[in-house]
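To keep things clear, I will list the structure first and then write my remarks on it.
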Amino acid sequence: MTDALDELTRILEARKSADAGESYVASLHQKGLDAILKKVGEESAELLMAAKDVEHGADPGAMVRETADLWFHCMVLLSRYDLSAADVVTELGRRLNVSGHAEKASRTKNEGD
């Protein structure tokens with residue numbers, strides 16, 4: 001599973017500094033943080049709408065595609081700060097076998113919800 005994420009991480013890193021006219025990822029980085037955040041927000045909203053549609057009988061594949069779009073744009077955001085999916089997977093691994101309530105309670109106010 002992480003092979004695809006690892007490969008995408010390598011591609012995103014390579015494209016961060018590519019020609020913005022030739023690379024969507026480079027164009028997002030060139031436009032700056034607000035453009036990346038806007039895409040993450042848009043993709044989040046699209047995933048939520050797809051989930052509502054699935055609840056009413058729509059194709060669940062749409063939810064998978066919207067999740068892929070959201071993950072992609074989250075990875076672009078992570079790459080801005082030289083982070084990757086591996087960092088997220090490590091954090092998820094740290095949380096295994098830890099109660100969600102206990103994990104949330106262990107965070108400081110500055111870490112957020």
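Between the CG atom in Leu5 and the CG atom in Leu12 there is a gap of 10.0 Å [rounded to 0.5 Å]. To the nearest 0.5 Å, atom OG1 of residue Thr90 and atom CZ of residue Arg95 are 12.0 Å apart. If you take CE on Met63 and NZ on Lys52, they are separated by 12.5 Å, rounding to the nearest 0.5 Å.
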| said: Is there a side chain to side chain contact (heavy atoms under 4.5 Å, CB included) between Leu78 and Ser84? Walk through the geometry before answering. | reply: CA-CA 6 Å; Leu78 288 167; Ser84 71; 5.9 Å; no
| message | If you apply the rule salt bridge (Lys or Arg N to Asp or Glu O under 4.0 Å), what do you find for Glu42 with Lys39, and how did you get there? | response | CA-CA 5 Å; Glu42 288 171 3; Lys39 287 305 298 181; 3.2 Å; yes
| field | Working for side chain to side chain contact (heavy atoms under 4.5 Å, CB included), residues Leu8 and Trp71 | value | CA-CA 11 Å; Leu8 183 54; Trp71 286 15; over 6 Å; no
| field | Candidate pair Leu33 and Leu77, rule side chain to side chain contact (heavy atoms under 4.5 Å, CB included), full reasoning | value | CA-CA 8 Å; Leu33 179 61; Leu77 176 60; 3.7 Å; yes
| request: Starting from the C-alpha separation in whole Å, work towards a yes-or-no answer on side chain to side chain contact (heavy atoms under 4.5 Å, CB included) for Glu13 and Arg10. | output: CA-CA 5 Å; Glu13 188 59 33; Arg10 284 189 289 279; 5.8 Å; no
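Ion pairing between a basic and an acidic side chain is recognised when a charged N comes within 4.0 Å of a carboxylate O; Glu91 and Arg94 show such pairing.
Placement of Leu83 and Val76 within a single hydrophobic cluster is found when ILVMFWY residues are connected by side-chain heavy-atom separations under 4.5 Å, directly or transitively. Met75 and Ile11 are assigned to two separate hydrophobic clusters, defined by single-linkage of ILVMFWY side chains at heavy-atom distances under 4.5 Å. Transitive grouping of hydrophobic side chains (ILVMFWY, heavy atoms separated by less than 4.5 Å) brings Val88 and Leu37 into a common cluster.
Using a 4.5 Å cut-off on side-chain heavy atoms (C-beta onward), Lys38 and Asp34 make no contact.
Heavy-atom minimum distance, Ala26 versus Ala18: CB-O, 3.3 Å. Closest non-hydrogen pair, Ser79 versus Lys16, comes out as O-NZ, 2.7 Å. Looking at every heavy atom in both residues, Leu70 comes nearest to Ser44 through CD1-OG, 3.4 Å. The nearest pair of heavy atoms linking Ile36 to Leu28 is CG1-O, 3.9 Å.
Heavy-atom neighbours of Glu7 CD from other residues, nucleotides or ligands within 6.0 Å: above the threshold of 12.
A perpendicular orientation is assigned to the rings of Tyr24 and His73, their planes being inclined by more than 60° (bins at 30° and 60°).
Using modelled atom types and a 3.5 Å distance limit, the side chains of Ser23 and His29 yield no donor-acceptor pair.
With sequence neighbours left out, Gln30 forms a side-chain contact (heavy atoms from CB on, under 4.5 Å) with Ala20.
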